[in-house]
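Only this structure's heavy atoms are used, side chains among them; waters, hydrogens and symmetry mates stay out. Since the structure is predicted, the reported quantities are computational estimates derived from the model, not experimental observations.
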Amino acid sequence: MVDLIITGESGNLHAVYHKSETPSAPLAVILSGNPRQKYHMNDRVSYAMFRAFADIGFSVVRFNYRGVNDSEGTIGTTSENMLDIATVIDWIQNKNEDSERIWLAGHGLGAWYVLQALMRRPEVSGFALVSPDPTITDFTFLSPSPNRGLILQGADESDDARAYATNLTQILKKQAQIDLETIRVKGADANYSQPADLRQMYNDLKAYVGREDADIKLL
């Protein structure tokens, strides 16, 4: 695991990268939550997502959007953050030309960014949405994109958040034709504040990705 700098559209982006020992290993990019709410690549949930992919053999990168901690610039708009995401996806693909599969995983606002990126990157093999931000209701950008993915949510999130995840599942299945699974972590809130809850989220994510990636290899 190494700290590194990726040259972005508005300056340097601070990232952490784990390189698999297998040259053709699948790739993953981790998207943290809303930087205006103090989320970043080293918060507990982002790190747990990163470890889940690394521990099953992926090459994986997490990074700070522009203006966050050691990434240069000022905190960006959605379109500016999407440029940073595209830069990091391009970077890890260029570093791993033998890899044929890439996954995206995001927490909170990062989950919505995952869906945005999915519509722009047909090469994405799978994705995970961890406690998606229930205040975001714009899904007009979704178009048919047969894929597979996971919604992970804390069972003790608000009633609105749980209803939102249910509605999002229906939208993704109908509007984007996505094969979606939902897992709710018993007793957890949206930040998986208790160590046992964070560990369970990590285990559930690792199990899902490992199973789905194995299925993709057989196709």
Side-chain angles (χ1 to χ4, degrees), residues 1-33 35 39-43 45-73 76 78-130 145 147-150 152 202 205-206 208-210 212-214 216-217 219:
M1 190 185 309
V2 294
D3 272 51
L4 52 86
I5 294 298
I6 298 172
T7 302
E9 184 262 352
S10 70
N12 291 331
L13 301 174
H14 183 205
V16 174
Y17 176 54
H18 166 80
K19 170 68 174 174
S20 172
E21 295 180 357
T22 304
S24 62
L27 313 176
V29 178
I30 306 303
L31 307 181
S32 55
Y39 291 103
H40 52 82
M41 70 170 178
N42 290 323
D43 64 48
V45 176
S46 294
Y47 181 76
M49 292 190 295
F50 179 92
R51 288 304 322 179
F53 282 95
D55 290 348
I56 54 175
F58 279 56
S59 291
V60 54
V61 63
R62 67 187 195 270
F63 71 100
N64 282 327
Y65 308 114
R66 64 184 69 192
V68 178
N69 294 344
D70 291 334
S71 288
E72 294 179 345
T78 292
S79 60
E80 289 170 335
N81 288 339
M82 291 306 303
L83 286 173
D84 293 344
I85 291 165
T87 295
V88 175
I89 292 174
D90 289 343
W91 179 88
I92 196 172
Q93 289 179 318
N94 289 335
K95 289 292 184 182
N96 297 274
E97 294 182 350
D98 292 333
S99 181
E100 298 179 352
R101 301 184 307 282
I102 184 167
W103 286 63
L104 305 176
H107 175 227
L109 178 63
W112 188 68
Y113 287 162
V114 165
L115 296 177
Q116 289 266 353
L118 180 65
M119 294 296 106
R120 308 175 191 198
R121 311 293 295 228
E123 72 270 27
V124 172
S125 306
F127 65 90
L129 313 177
V130 178
S145 177
N147 209 308
R148 58 183 69 194
L150 170 70
L152 255 168
Y202 157 87
L205 177 57
K206 185 170 71 168
Y208 174 83
V209 174
E212 295 298 303
D213 188 60
I216 288 172
K217 291 177 184 178
L219 297 180

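- Contact annotation: the side chain of Thr87 never approaches that of Phe63 to less than 4.5 Å [non-hydrogen atoms, C-beta and beyond].
- Pairing each heavy atom of Leu205 with each of Ala128, the nearest pair is CD1-CB, 3.6 Å.
- Nearest heavy atom pair, residue Met49 against residue Ala105, reads SD-CB, 4.1 Å.
- Distance check, rounded to the nearest 0.5 Å: CZ of Phe127 to CG of Asn147 gives 6.0 Å.
- In this structure, Arg62 CZ and Tyr17 OH are separated by 14.0 Å, a value rounded to the nearest 0.5 Å.
- The structure places OH of Tyr65 at 8.5 Å from CE of Met82, a figure rounded to the nearest 0.5 Å.
- Nearest heavy atoms, Pro35 versus Leu109: CD-CD2, 4.5 Å.
- Note that OG of Ser59 and CD of Glu21 are 10.0 Å apart. Values are rounded to the nearest 0.5 Å.
- Looking at Pro26 and Phe53, their side chains never come closer than 4.5 Å, going by heavy atoms from C-beta outward.
- Judged purely by atom type and a 3.5 angstrom limit, Arg101 has no side-chain atom pairing as donor or acceptor with the backbone of Val124.
- The salt bridge (Lys or Arg N to Asp or Glu O under 4.0 Å) analysis of residues 103-126, with sequence neighbours excluded, yields the pairs Asp90-Arg121, Arg121-Glu123.
- None of Val68, Val16, Leu13 except one satisfies the side chain to side chain contact (heavy atoms under 4.5 Å, CB included) rule with Met41; the exception is Val16.
- With contacts defined as side-chain heavy-atom distances shorter than 4.5 Å, the pair Trp91/Thr7 does not qualify.
- For the residue pair Gly76 and Asn81, the shortest heavy atom distance occurs at O-ND2, 3.6 Å.
- Among Tyr39, Tyr113, Phe50, the single residue meeting the ring-ring contact (aromatic ring centres under 6.0 Å, His included) criterion with His107 is Tyr39.
- Between Glu80 and Ser10 there is no side-chain heavy-atom pair separated by less than 4.5 Å.
- Remark: side-chain polar atoms of Ser46 are not paired, donor with acceptor, to backbone N or O of Asn42 under 3.5 angstrom.
- Annotation: side chain to side chain donor-acceptor pair (under 3.5 Å) contacts of Glu72 (sequence neighbours excluded): none.
- In this structure the side chain of Asp43 reaches within 4.5 angstrom of the side chain of Ser32, judged on heavy atoms.
- Without hydrogens or angle criteria, Ser125 side chain to Ile102 main chain gives a donor-acceptor distance under 3.5 Å.
- Screening Leu27, Asp84, Leu104, Val61 for a side chain to side chain contact (heavy atoms under 4.5 Å, CB included) involving Ile89 leaves a single residue, Leu104.
- Considering OG of Ser145 and CG of Leu118, their distance stands at 4.0 Å, rounded to 0.5 Å.
- Side-chain atoms of Ser20 come within 3.5 Å of backbone N or O of Gly57 as a donor-acceptor pair.
- In this view, Tyr47 satisfies the side chain to side chain donor-acceptor pair (under 3.5 Å) rule with no residue, not counting sequence neighbours.
- Residues Phe58 and Ala28 come closest through the heavy atom pair CD2-CB, 3.9 Å.
- Distance alone, capped at 3.5 Å, is enough to place a donor-acceptor pair between the Ser99 side chain and the Ala25 backbone.
- Contacts of Asp55 classified as salt bridge (charged side-chain N to carboxylate O under 4.0 Å, His left out), with partners at least two apart in sequence or in another chain: Arg51.
- Between Thr78 and Trp112, the closest side-chain pair of non-hydrogen atoms falls below 4.5 Å.
- Between Ile6 and Val88 there is a side-chain heavy-atom pair separated by less than 4.5 Å.
- For Asp3, the side chain to side chain donor-acceptor pair (under 3.5 Å) partners at least two apart in sequence or on another chain are His14.
- Judged by distance alone, the side chain of Asp98 and the main-chain N or O of Pro23 form no donor-acceptor pair under 3.5 Å.
- Closest of all the heavy-atom pairs between Gly210 and Ile56 is N-CD1, 3.7 Å.
- Looking at residues two or more places apart in sequence or on another chain, you find a side chain to side chain donor-acceptor pair (under 3.5 Å) between Ser79 and Thr77.
- Here the side chain of Asn96 pairs no donor or acceptor atom with the backbone of Gln93 at under 3.5 angstrom.
- The CG atom of Leu152 sits 9.0 Å away from the CG atom of Leu129 when rounded to the nearest 0.5 Å.
- Using a 4.5 Å heavy-atom cutoff, the side chains of Val29 and Ile92 are in contact.
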